Novice: 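Dumping the structure here so I can ask a few things about it.
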Amino acid sequence: MRKTIFFCLLLTSAACFGQESKRLKLWYTQPAGQTWENALPIGNGRQGAMIYGNVEKEVIQLNEHTVWSGGPNRNDNPAALASLPEIRKLIFEGKHKEAETLANETIVTKKSHGQMFQPVGHLNLTFTGHENFTDYYRELDIEKAISKTTYKVNGVTYTREAIASFGDRVIVVKISSSKPGSVSFSAHYSSAQRNKAYAVSPSGDLTISGTTSDHEGVKSQIRFKGMTRIKTEGGKVSTTDTSLNVSGADAAFLFISIATNFNNYHDVSGDEEKRAIDFLDKSSGKKYAVILSAHIAGYQKYFNRVKLDLGNTAAADLPTDQRLKNFRTADDPALVSLYYQYGRYLLISSSQPGGQAANLQGIWNSRINPPWDSKYTININAQMNYWPAEKTNLPELHEPFLQLIKELSETGRETAREMYGARGWMAHHNTDIWRATGAIDGAFWGMWTGGGGWLSQHLWEHYLYNGDKNYLTSVYPAIKGAALFYVDFLVEHPQYKWLVVNPGSSPENAPKIHGGSSLDAGTTMDNQIVYDAFSTAIRAAGILGKDAGFADTLKQWRSRLPPMHIGQHNQLQEWLDDVDDPEDHHRHVSHLYGLYPSNQISAYNTPELFAASRNTLVQRGDVSTGWSMGWKVNWWAKMQDGNHAYRLIQNQLTPLGVNPGGGGTYNNLFDAHPPFQIDGNFGCTSGITEMLMQSSDGAIHLLPALPDAWPSGSITGLRAIGGFEIVEMQWKQSKLVKLVVKSNLGGNLRLRLPNALKQTNGSGIKMAKGTNTNPFYYTEKTSAPVISDKSTIKPLQLKETVLVDVDTAKGKLYTFISK
Ligand code: FUC
């Protein structure tokens, strides 16, 4: 803020206000052209659109959250159960490749490898005579969720505004001009879907109807209907068989609705026609100003909860694509806050209560056969989408994902029983809108059983933030079922006697000595996931006063899981044996699941494992795919190394193609794996939060990883475990100067501070001793690690912090300032 003011003095105030208002905008001085990743995303959780901002031929690429290939289906392989003993034996005998070959036959599906999230098509707008234009400008205002394009032709300024309305279930485009009567264009649909038809309905609406693709033996059962109704001020609307033509209007308003027959993963009996018409009829009679203000209010209800200021510099005055190019060498902290808020914008736009969860591309996909089907990869990617939800104050938006998990706990029950003879439920490494839980792609990738165990932690996380026991009761069966699966699935390791997952894997990676096979028993991530599945079920059962006997069994079984291992390279071992290669730069660093998002590895409780995790991170290297770098921002934040976390942000905010062999960011600030995957956006937003505040390790830790690049700043509205809200936090010269915390549930507020603060009313704050009495902050004490004889691991020197306790009452605010 101070930098802004100083900079303002150098400029006219008008210019300065102009820049101020661009703070939360992505803006450009050229159209997207033919490049989808230059177009700007809008969405309301049900509909998504990419706005190209092309002048003469505008393209609005359309998505709807339930437009998926196929129909209700399952993809279990029933041959799994009979071959399980043999696969286990082969792995225990060190014949990993043979085990994998057998698993490819008997465990990997013979049916669908998952269905595809597909586009509806394009709405094309042709503006004849607009070939030569000047004064071009387009933006996405993420404070209001509005995309805008303006340009001049023959002295007339044309403006297009597009919203995916949060109040009404339609996309609305307003086209206007500075001179009355100059709005003329034609509109038609196009689509790469094979089965589709275009028409103009008797009521004069432009329509597209079709069915999605049959895919991998699953027949499409999804019918979609898209409708566009145009209302004008002045002028005329005429029609052809497949287009609407506007001429001489002062302004035109396009209402775009899309619906399908999808009700839920096992019911497709809805009426897409009726739905699409209803959405149009309800909205198109309203005044644009009314729709717009409901839209902004509906969006800002979520967006405005968090405000972040990391400072502002002259570097921020350039268009977004230029800033992205410059970021690695420029001082542009405001690009980080823009990117941070863009992550929240994307979650609000792609994940709304009652809708589908944000998939691999959120809700934006133009391809009939998208990369990885744009489905849900649940060995990291889908979970990462939801890392920002709780802490950046968007808990309602977690709901579609929690619903997906509850539904998987239904479909995954049959998979557990049929394939593994186990109770409870499980999922392999992928799922889709039909909640398929079979093993796909090949055993190297698909032979991983951790989907249920990991996902169930999201059900628990939601409770840790809201403390709502009714909610916990509603998700307890899924939490219990995820643990129960492992009670039946674990086997004793013949050599070490620990209980292990076999067959398992450390997602998508293999140690060299296993002949190219990823299959193994007791991998570190598998052990950590089982540990969490058990611990969470034990705690949930305790809180709800249920299943005491079951919880005792889980405690006993948990004590027989393998401890974590520190290997010869001072690394956290990825596998049970010390076979890691310090030159391995694989994008998955799955064994650090225990550091983040789990907290089994702690700076304060497990110092050797914490130090080993750092070595693993260093050995694995920084530059990688987009999502991998996003995860690393979180890990370096947990390492309390703000400068290293910042380096990862620099790597992530790099135009695609500059990081050799790695990902980066597209001009529209979409994350590049490459190709586009939205997980990296969400992972980085989560990581930036973790740099400023963490609450997973026994206290609310403020500014745990502040980089030198952000000496002063402020943030409002973050949420912490136990119902606390960081109403406001300010820091100056890298020192925390003000903190306001709201307690929504009461209980002990334990703060870990970078420097001492005093409470403004002077009472109640005391130095903390012993464990935190707040039950939400209970942390499990993991077993001591097994350390290799060759290791020279030593705990890291941690930054000094001040640990204080404040007894809080429900609903009260607590303010602290520098001493
Ligand atoms: C996992 C990753 C890939 C990609 C895919 C969607 O398989 O290993 O990098 O992100 O998911």
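Each ligand, and each atom within it, is numbered from 1 in the order the structure gives. Please read all numbers here as calculations on a predicted model, not as lab measurements.
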Novice: Give the residue, atom name and distance (to 0.1 Å) of the protein heavy atom nearest atom 2 (C) of ligand 1.
Specialist: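 Closest protein heavy atom to atom 2 (C) of ligand 1: His588 NE2, 3.4 Å.
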Novice: Would you say Thr431's side chain and Ala436's backbone share a donor-acceptor pair under 3.5 angstrom?
Specialist: yes
Novice: Pick one of side chain, backbone, both or neither for how His429 approaches ligand 1, counting any non-hydrogen atom pair under 4.0 Å.
Specialist: neither
Novice: Where does Leu360 meet ligand 1, judged by heavy-atom distances below 4.0 Å: at the side chain, the backbone, both, or neither?
Specialist: side chain
Novice: Indicate yes or no: does an N/O atom of Gln677 lie under 3.5 Å from an N/O atom of ligand 1?
Specialist: yes
Novice: Passes side chain to side chain contact (heavy atoms under 4.5 Å, CB included), Met116 versus Trp68? Steps please.
Specialist: CA-CA 5 Å; Met116 305 179 287; Trp68 283 69; 5.6 Å; no
Novice: Taking N or O atoms only and a 3.5 Å limit, does His673 qualify as a polar contact for ligand 1?
Specialist: yes
Novice: So which heavy atom in the protein is nearest atom 5 (C) of ligand 1, and how far is it from that ligand atom?
Specialist: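 Scanning the protein heavy atoms, the shortest distance from atom 5 (C) of ligand 1 goes to Trp372 CE2, 3.5 Å.
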Novice: For ligand 1, is there an N or O atom under 3.5 Å from any N or O atom of Asn379?
Specialist: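 In this structure, Asn379 places no N or O atom under 3.5 Å from an N or O of ligand 1.
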Novice: Taking the six-membered ring for Trp, are Trp387 and Tyr596 ring centroids under 6.0 Å apart?
Specialist: yes
Novice: Which atom pair, heavy atoms only, marks the closest approach of Ser517 to Leu519?
Specialist: OG-N, 3.1 Å
Novice: Considering only heavy atoms of Thr377, which atoms of ligand 1 have at least one such atom less than 4.0 Å away?
Specialist: 1 (C), 6 (C), 11 (O)
Novice: Numbering the atoms of ligand 1 from 1, which are under 4.0 Å from a heavy atom of Arg587?
Specialist: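 Every atom of ligand 1 under 4.0 Å from some heavy atom of Arg587: 2 (C), 3 (C), 8 (O), 9 (O).
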Novice: Hydrogens and angles aside, do Ser505 and Ser518 bring a side-chain donor and acceptor to less than 3.5 Å of each other?
Specialist: no
Novice: Kindly write out the residues that satisfy salt bridge (charged side-chain N to carboxylate O under 4.0 Å, His left out) with Arg88, not counting sequence neighbours, or none if the list is empty.
Specialist: none
Novice: Can you sort out which atoms of ligand 1 are near Glu508, meaning under 4.0 Å from one of its heavy atoms?
Specialist: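 So the answer, numbered in order with elements, is 1 (C), 2 (C), 7 (O), 8 (O).
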Novice: Aromatic ring centroids of Phe401 and His458 under 6.0 Å?
Specialist: yes
Novice: Answer with side chain, backbone, both or neither: which part of Trp445 has a heavy atom less than 4.0 angstrom from an atom of ligand 1?
Specialist: neither
Novice: Are Tyr52 and Trp36 an aromatic pair by the rule of ring centers under 6.0 Å?
Specialist: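 That pair fails the under 6.0 Å test.
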Novice: Kindly confirm or rule out an N or O of Asn381 lying under 3.5 angstrom from an N or O of ligand 1.
Specialist: yes
